[in-house]
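Single-structure report; data block below.
It should be emphasised that the depicted structure is a prediction, and the values quoted were computed from it without experimental measurement.
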Amino acid sequence: MRRFIRAVGEDKNFLIFATFVFLFTALAGYAGSETIAKALMDSPLWEDFQKTLEGIQQNPTYTNAFVTIFVNNVTASLIMVVSGLFFGVFPLVALFSNGMLLGVVLGMAATQSGANPLVLFVTTILPHGILELPAILIAAAFGIRLGITVSRSIVGIFSTTARVKSGEEWKSIGRRTLPMLVGIVVLLFFAALIEAGLITILGDFS
């Protein structure tokens with residue numbers, strides 16, 4: 001755990017940036033939920049979201065809910081990390097789309113139920129989101145870090161300074177990758193335990 005915290009700390013600027021992007025898009029998604037929902041419902045992201053929900057609803061056991069949520073979240077996080085090698089574009093897009101999706105879903109749920117959106121967030125998302133959201137943000141931040149380092153390595157072909165800098169960064173990344181990935185998976189494991197419990201006990205599919 002100490003190695004994980006130290007590894008995350010070395011990317012704190014990227015984590016702050018990822019958090020800002022996610023919060024901004026979540027708020028934008030909530031503010032324009034009715035309009036954005038129509039466009040979002042035609043996207044592959046919404047289709048995947050609906051398939052996941054339907055898969056759990058068809059077999060609403062704790063084990064099925066846990067496995068579905070855990071596998072989906074780990075897969076999405078690993079994709080964000082690995083795809084970051086392609087200049088960090090995909091982690092940014094994933095942050096944007098996931099933040100937007102969260103805001104839209106929260107806005108739609110608040111409209112349909114008449115409940116306060118803050119109450120909905122605290123009671124349905126925060127119990128598991130307090131572990132899940134940091135894991136996703138850390139994965140995205142690490143992916144963006146990889147993309148920046150790849151870009152610096154390319155610049156290093158023409159610049160000695162950039163080459164030395166990127167060499168140091170790759171050594172740091174190599175040292176931190178394993179504790180970072182293990183920490184992300186552990187956070188998502190416990191988040192899935194909590195979310196599966198909420199779904200099967202309370203029937204909460206938000």
Side-chain angles (χ1 to χ4, degrees), residues 1-26 45 48 52 62-63 65-99 101-102 121 125-156 161-199:
M1 178 59 78
R2 194 176 303 170
R3 291 180 64 193
F4 172 62
I5 294 172
R6 193 182 307 130
V8 172
E10 291 190 33
D11 278 337
K12 63 181 179 183
N13 290 336
F14 291 97
L15 184 57
I16 291 170
F17 173 72
T19 303
F20 173 80
V21 172
F22 186 83
L23 288 177
F24 177 79
T25 52
L45 180 67
D48 291 342
T52 301
Y62 182 85
T63 302
F66 168 75
V67 171
T68 301
I69 294 165
F70 180 62
V71 170
N72 280 351
N73 287 341
V74 168
T75 302
S77 297
L78 291 181
I79 288 174
M80 278 198 283
V81 171
V82 175
S83 64
L85 289 167
F86 299 98
F87 308 106
V89 174
F90 183 80
L92 263 179
V93 173
L95 278 175
F96 185 90
S97 56
N98 280 289
L101 180 63
L102 174 63
F121 178 80
I125 295 174
L126 193 60
H128 58 90
I130 199 167
L131 297 173
E132 183 180 315
L133 294 179
I136 292 171
L137 292 173
I138 290 168
F142 196 51
I144 295 170
R145 152 70 83 180
L146 287 174
I148 296 293
T149 306
V150 167
S151 301
R152 187 169 283 132
S153 297
I154 293 174
V155 175
T161 303
R163 186 163 57 249
V164 171
K165 179 72 175 175
S166 65
E168 293 172 351
E169 287 182 355
W170 282 120
K171 288 179 184 176
S172 172
I173 288 170
R175 189 178 64 252
R176 293 183 292 119
T177 297
L178 183 59
M180 186 80 83
L181 294 180
V182 170
I184 289 170
V185 170
V186 169
L187 286 175
L188 292 176
F189 176 83
F190 286 107
L193 285 178
I194 296 169
E195 188 172 3
L198 287 174
I199 287 173

Do Glu132 and Leu187 come close enough that some side-chain heavy atom pair is under 4.5 Å?
no
Show the nearest heavy-atom pair for residues Tyr62 and Gly197, with the distance to one decimal.
CE1-N, 3.3 Å
Close side-chain approach of Phe4 to Val8, heavy-atom, < 4.5 Å:
yes
Quick check for you: to the nearest 0.5 Å, what is the distance between Leu193 atom CG and Leu188 atom CG?
11.0 Å
Which pair of non-hydrogen atoms, one from Leu137 and one from Phe22, has the smallest distance, and what is that distance?
CD2-CB, 3.7 Å
First locate atom CG of Asn73, then atom CG of Leu131, and finally report the distance between them rounded to the nearest 0.5 Å.
11.5 Å
Checking Leu85 now: which residues fulfil side-chain contact (heavy atoms from CB on, under 4.5 Å) with it, not counting sequence neighbours?
Leu146, Val150, Trp170
Which distance, rounded to the nearest 0.5 Å, do you find between the OG1 of Thr19 and the CD1 of Ile138?
8.5 Å
Closest non-hydrogen contact found for Phe17 with Leu92 is CE2-CD2, 3.6 Å
Closest contact, heavy atoms only, Ala196 versus Ile69:
N-CD1, 4.1 Å
Least distance between heavy atoms, Ser83 atom then Pro91 atom
OG-CD, 3.9 Å
Can you list every salt bridge (charged side-chain N to carboxylate O under 4.0 Å, His left out) pair that touches residues 67-84, not counting sequence neighbours?
none
To the nearest 0.5 Å, what is the distance between CG on Asn72 and OG on Ser77?
10.5 Å
Would you find a donor on one side and an acceptor on the other, under 3.5 Å apart, between the side chain of Arg152 and the backbone of Ser166?
no
Side-chain touch Ile194/Ile130, heavy atoms, less than 4.5 angstrom
no
Show your reasoning for whether side-chain contact (heavy atoms from CB on, under 4.5 Å) applies to Phe142 and Ile173.
CA-CA 9 Å; Phe142 196 51; Ile173 288 170; 3.9 Å; yes
Residue pairs fulfilling salt bridge (charged side-chain N to carboxylate O under 4.0 Å, His left out) with at least one residue in residues 139-148, sequence neighbours excluded
Asp11-Arg145, Arg145-Glu169
Might you confirm whether atom CZ of Arg163 has over 12 heavy atoms from other residues, nucleotides or ligands at distances under 6.0 Å?
yes
Closest non-hydrogen contact found for Leu198 with His128 is CD1-CD2, 3.9 Å
Could you tell me if the side chain of Leu181 sits less than 4.5 Å from the side chain of Leu78, heavy atoms only?
yes
What's the separation between atom CD in Glu168 and atom OG1 in Thr149, rounded to the nearest 0.5 Å?
11.5 Å
